[in-house]
Every structure is written in structure tokens, then in C-alpha cells.
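Structure, as C-alpha cells:
Computed from a predicted structure; not experimentally measured. Read the numbers this way: they start at 1 and go in the same order the structure lists the ligands and their atoms.
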Amino acid sequence: MKLNCGKHTLDLSRPQVMGILNTTPDSFSDGGSYYADGGLDLDLVLHRAEQICREGGTIVDIGGESTRPGAAVVTEQQELDRVVPAVEAIHQRFDVVISVDTSTPSVMRESAAAGAGIINDVRALTRDGALEAAAATGLPVCVMHMQGEPGSMQANPDYRDVVREVRAYLDERLAACVAAGIAREKVIYDPGFGFGKNDQHNLELLRRLPELAPPDQPLLVGLSRKSMIGRLLDRAVDERLAGSLALAMLSAQRGAHIIRVHDVAATADVLKLLQLAS
Ligand code: 7PJ
């Protein structure tokens, strides 16, 4: 399976590592890392992008909105200011696919113009104008499942059959994407681990990962350092590497094509050995 991302093509016959770069002041793991003197520092952003590339990441995922419960609401202009200059700077210097983690139509359009290669939307292109904006870029889109809204989604997640419900939602978003003119093979499925799911829901989604997407659809998984690992293993955010690696390998074995992570080098090692031993 191949994924055409503008001037780059990703080979999804082996799992690809997507490295996380949050240009937010307040994300749970790397929030505020790229700020100096109160503003976003593009040199720090470029340093992180360089690290992701050097360590074996083939996609850099740039986000300008924290979806952590309780995070500050970001305005459209703030998001544009955090994301678009970062996309432009990375695009000029590195031969890597740039993914933008956004639900905002103007951020999709301007990021694509600045060189982005994937649109990654935790709201699955449900905001007004998002489907049209994403379709107009011609880029692949990642549609993620979420139950509820970031501020309250973990209060009381509720499903009869979490796998069937997540799958049905993603199938519905695929149909909406295709109706809007996005090529079917450019729609990436993502169950949205931790987005309106308790630990049992997340574990059931992991166990039955192959049921979550049609076999010919790209599948992205994000579990890196998430609070489920913290709760199941009783580990603080900076003690979740082993747990994250275990889940990255499990996901790849169960069919994930793109693994979204903070710890790129360690994940790339694990996936390389998995490939060699498969
Ligand atoms: C995900 C994401 C995910 C996709 C975040 C965090 C929260 N995008 N953005 N999938 N998670 N596609 O990293 O813990 O799971 S932000």
C-alpha cells in the first residue's frame, strides 16, 4: 500500500513512524518545549524536526491546539501563528512528510500552501467547511474517532460495542470524504485511543484492531505516553517509554501502518526488529 502525500510517497507496506511536534504552550507531554521569551522559537522547532528525521521518523506531526482535557481554547489566529510558520520552515529544510494536526479549515488551507503533506483531524473533518478545505488541498486526511468533546470526553465514555461503533463512525466519515471529492485511498482511519474511551474500551480496540478498518485502508494509531499506560502500569508521563513501545509493536503487528509517537528512535528500533523477524 502506498500513500501519496503531495511530493512524497509513503510506503505503507512497512510501518511508518510519525514524530510528534506540538507547538502548543500546554500539551501534556511536550507542551511549551519550543518556546523562548514567551514566543514560539522556530530554531527549537527545526531542531525537533531534525531529530525526528535523524531518528527514523518519516512524518512530522505539527499541532497547534492542545486537546488535553482542561487545555486553553485556541483562537483561529493563534493556531495559524503556531502552525503555518513551523510547516514552512520545516518544508524548506527537510525532506519529510509534514502532517498538520488541526480541525480548522484555514489552517488546513494555509498549511497545504506552505508544504504540508497530510491533514490530521481529531474531529474527522466535522467542523464547518473542513471537508471542503481538506478536499481542496488534494492531500491525504486522517479521520479520528472521538466520543464527546475534548473538555468532557473522559467523564463517562459509553458504548455498547466500542469496536463496532468506532468502525461505523469511521466508515461514515470515509463516505463523507469520498462525497466531498477526497480519493478513498487517501483517507486514513484512526480509532482515537483515549478520546472518549476508558481503559477497557482502549484495550478492546487494541485487541480487535484489524476489525477497525477495511484491509485496503491506511490505519494510524496514537498511544504514545497516553494516560491509559499511566493508569495500567502506574507510571508518570516520563516513565511510559516501555509501555509505549509495547503498544507500538502490538499495533504494528495487528495492522497499523502509521504509528504516532514522541520517542521516535526507540520506536523505529522496535519496528525494525519486528520487520526483520516477521
Ligand atoms: C492523536 C492525535 C491520536 C491522531 C493526539 C496525545 C493527544 N492525532 N492527536 N491520533 N492524539 N491522529 O498525543 O496524547 O491518537 S493529541
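- Environment of CZ in Arg231: crowded, with over 12 heavy atoms of neighbouring residues, nucleotides or ligands closer than 6.0 Å.
- Ion pairing between Arg173 and Asp121 fails under the 4.0 Å rule for side-chain N and carboxylate O.
- In this structure, ligand 1 sits under 4.0 Å from heavy atoms belonging to Phe28, Thr67, Asp101, Asn120, Val122, Cys142, Met144, Asp190, Phe195, Leu220, Gly222, Lys226, Arg260.
- When the side chains of ILVMFWY residues are joined at heavy-atom separations under 4.5 Å, either directly or via intervening members, Ile229 and Met153 end up in two distinct hydrophobic clusters.
- More than 12 heavy-atom neighbours from other residues, nucleotides or ligands sit within 6.0 angstrom of CZ on Arg54.
- Remark: the backbone N or O of Lys197 is paired with a side-chain donor or acceptor of Gln154 at under 3.5 angstrom.
- Using modelled atom types, one side-chain atom of Ser244 and one backbone atom of Arg225 make a donor-acceptor pair closer than 3.5 Å.
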